[in-house]
Amino acid sequence: MHFFTIASLLAATVSGAACGAKKSDEPAAPTFDVENFKAFCLPHGGACYYVFEVYKHRSGEDIPTECNTSVRGDGSLPSINDGQCNSSRTFDVIRNEDGSLNFSVTQQVTPISFTTSNHTIPADQIEVQDGQEVYVGPTSFGLYGY
Ligand SMILES: *[C@@H]1O[C@H](CO)[C@@H](O)[C@H](O)[C@H]1NC(C)=O
Ligand SMILES: *[C@@H]1O[C@H](CO)[C@@H](O)[C@H](O)[C@H]1NC(C)=O
Ligand SMILES: *[C@@H]1O[C@H](CO)[C@@H](O)[C@H](O)[C@H]1NC(C)=O
Ligand SMILES: *[C@@H]1O[C@H](CO)[C@@H](O)[C@H](O)[C@H]1NC(C)=O
């Protein structure tokens, strides 16, 4: 009986500690920070551009990776497959039916593995100006890995 009491006290303490640890869990930090993000289309069937800088979050990385890719568009910000940056990072844009964009940056971590970090650009952060879509949301945002 005595032993049983100590054991349950111990169990209570352990589960209390586990509970405390769970409570202090912060939302995951972004893996990358994007800055100076611009996305726009030039008029008259011209190209659409995605231009931005991407930094590894809180790494003190001070040399930006710059990404600047254009594709021919029809005035709507298009999907991009394997957009190029001036490092081994690449980016992708997938246009959803509701006009939102799934934006992601991929980095090779080992010769056979990659990490992909994502951000959704809601449709209401894209405006049509003079018949061309232009991104009007925040120019800086975090990318989250899964
Ligand atoms: C990418 O280009 C930017 C702007 O030209 C430059 O500051 C940066 O050093 C370049 N980054 C790499 C990894 O070459
Ligand atoms: C992106 O590339 C285009 C075409 O190569 C160039 O005109 C533009 O200046 C570049 N933008 C930046 C921010 O480097
Ligand atoms: C875009 O991202 C959302 C949220 O992660 C996901 O539910 C949706 O399936 C994605 N769209 C495409 C076309 O992959
Ligand atoms: C992140 O983006 C990649 C590349 O577009 C996609 O394969 C993956 O499903 C996305 N993950 C989430 C959670 O949206």
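Starting from 1, each residue takes its place in the sequence as its number. Both counts, for ligands and for their atoms, begin at 1 and track the order of listing.
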Is there a donor-acceptor contact under 3.5 Å linking the side chains of N86 and E66? no
For a side-chain hydrogen bond (donor to acceptor under 3.5 Å, both in side chains) with T106, tell me which candidate from D82, T116, T115 qualifies. T116
I94 heavy atoms, cut-off 4.0 Å: which ligand 4 atoms fall inside? 5 (O)
Note: heavy atom closest to atom 13 (C) of ligand 2, options T69, N86, V51, belongs to V51
Could an N or O of ligand 3 be found under 3.5 Å from any N or O of N96, whether backbone or side chain? yes
Ring centroid separation F40 to Y135 under 6.0 Å: no
So if I count the atoms of ligand 2 from 1 in the order they appear, which ones are less than 4.0 Å from some heavy atom of E66? 14 (O)
Proximal ligand 4 atoms for S104, defined as those under 4.0 Å from one of its heavy atoms: 2 (O), 4 (C), 5 (O)
Decide whether an N or O pair under 3.5 Å exists between T116 and ligand 4. no
Mind checking whether F103 and F52 have ring centres under 6.0 Å apart? yes
For the pair N96 (side chain) and D98 (backbone), establish whether a donor and an acceptor sit closer than 3.5 Å, ignoring hydrogens and angles. no
Any donor-acceptor pair under 3.5 Å linking the side chain of Q125 with the backbone of V136? no
Which ligand 4 atoms does N118 reach within 4.0 Å, using its non-hydrogen atoms? 1 (C), 2 (O), 3 (C), 8 (C), 10 (C), 11 (N), 12 (C), 14 (O)
Are F32 and Y55, when compared by the centres of their aromatic rings, separated by less than 6.0 Å? no
Atom 9 (O) of ligand 2: any protein heavy atom closer than 4.0 Å: no
Do any nitrogen or oxygen atoms of N68 lie less than 3.5 angstrom from nitrogen or oxygen atoms of ligand 2? yes
If you count the atoms of ligand 3 from 1 in the order shown, which ones are under 4.0 Å from a heavy atom of N102? 1 (C), 2 (O), 3 (C), 8 (C), 10 (C), 11 (N), 12 (C), 14 (O)
